[in-house]
Amino acid sequence: MNHFLDINTTGVSDLRGMIDSALAMKTARNGRPKGALDDDQPLKDHMVALIFEKPSTRTRVSFDVGVRQMGGQTMVLSGKEMQLGHGETIADTARVLSRYVDLIMIRTFEEQVLHELAEYADVPVINGLTDRSHPCQIMADILTYEEHRGPIAGKKVVWSGDGNNVCASFLHAAGQFGFDLTFTGPEVLDPEDVFVAEARSKGVTVTLERDPAKAVKGADLVVTDTWVSMHDAQSARERRHNQLRPYQVNEELMAHANPDALFMHCLPAHRDEEATSTVMDGPHSVIFDEAENRLHAQKAVMRWCLGK
Ligand code: CP
């Protein structure tokens, strides 16, 4: 069963195949209307369940459009309106959904829900974000980097801010795609040790640097994310802002990166908090290519899951 649960648990050659397939599919669609079917329609007659226990714009729309372009059909389900984990076990939900649909994408809180769903489902399950990882986003980010600058292997990626779930998937990707990652942020918001150790065990350099200017020196890619994630307590907002303000990505910070460095943010962004509008709309920024590439990368992920 080809579940897509995390980048570190998916084979390197499979990941490379998905990035190459995403680029080929994107190129093949060049200039066509968004609603036009792909020529080969690999998901014809397939039904895909998209389950959201948290809000979403990009993940929801890009998966829905991607399935439709490939000739399949979707049902978008809200966790609140389902029995998932409330009136019914995750295992039973997995068994039932498997009788109706060919593929399940879920955005949830605890990664245990994702893993239990995958364990008991008879169809592939895709991680559309948990509190600990966001692999589909990073597949889109790798695609975006390579479209603009060529292979990411051997490059220096700098994550500035909170060592959150998106940062964790970047660390997973560092080990699998072979790039170095420098995290810069306050110690209390460091990524989990397990993510750092695993990437290091795969031979890449992971650095934790408190000084953002020093961290960004020589960067090929600078990435940040919102300072308060969906799973963080909103009561922590003021404290987080005080801790993270020195790590804002602004023009002054970007000036320490390589001249052709890219800037990424998975969005949604709080403009002029974690990154200034001058950077988000400036010459280094590829944030809307990243958003578009969610569509192409996830189409490749779905094809891989279904063996298409
Ligand atoms: N980046 C991302 O996952 O966006 P959404 O929360 O809008 O899906």
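As the structure lists them, so they are numbered: ligands from 1, and atoms in each ligand from 1. Index from 1, following the sequence.
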Going by the 4.0 angstrom heavy-atom rule, the piece of His134 near ligand 1 is side chain
Mind listing the closest non-hydrogen atom pair of Gly128 and Thr59 along with its distance?
O-CG2, 4.0 Å
Starting from atom 4 (O) of ligand 1, find the nearest protein heavy-atom neighbour and note its residue, name and distance.
Arg58 NE, 2.9 Å
Tell me which protein heavy atom sits closest to atom 2 (C) of ligand 1, plus the residue, atom name and distance to 0.1 Å.
Arg294 NH1, 3.3 Å
Is it true that Asp64 and Arg68 have a side-chain N and a carboxylate O under 4.0 angstrom from each other?
yes
Using a 4.5 Å cut-off on heavy atoms from C-beta on, say whether the side chain of Asp220 contacts that of Arg149.
no
I want to check something: taking the side chain as every heavy atom from C-beta on, are Phe63 and Thr74 in contact at a cut-off of under 4.5 Å?
no
Pair Asp38 + Arg303, salt bridge at N-O below 4.0 Å:
no
Please work out, at 4.0 Å between heavy atoms, whether the side chain, the backbone, both, or neither of Leu267 comes within that distance of ligand 1.
backbone
So if I count the atoms of ligand 1 from 1 in the order they appear, which ones are less than 4.0 Å from some heavy atom of Gln137?
1 (N), 2 (C)
Do other residues, nucleotides or ligands put more than 12 heavy atoms under 6.0 Å from Glu252 CD?
no
Where is the nearest protein heavy atom to atom 6 (O) of ligand 1: which residue, which atom, and how far?
Arg107 NH1, 2.8 Å
Taking the six-membered ring of Phe109, is the NZ or CZ of Lys54 close enough (under 6.0 Å from the centre) and on axis enough (within 45°)?
yes
Which bit of Arg60 gets closer than 4.0 Å to ligand 1, counting heavy atoms only: side chain, backbone, both or neither?
neither
Cys266 N/O to ligand 1 N/O under 3.5 Å
yes
Nearest non-hydrogen protein atom, atom 7 (O) of ligand 1
Thr57 N, 2.7 Å
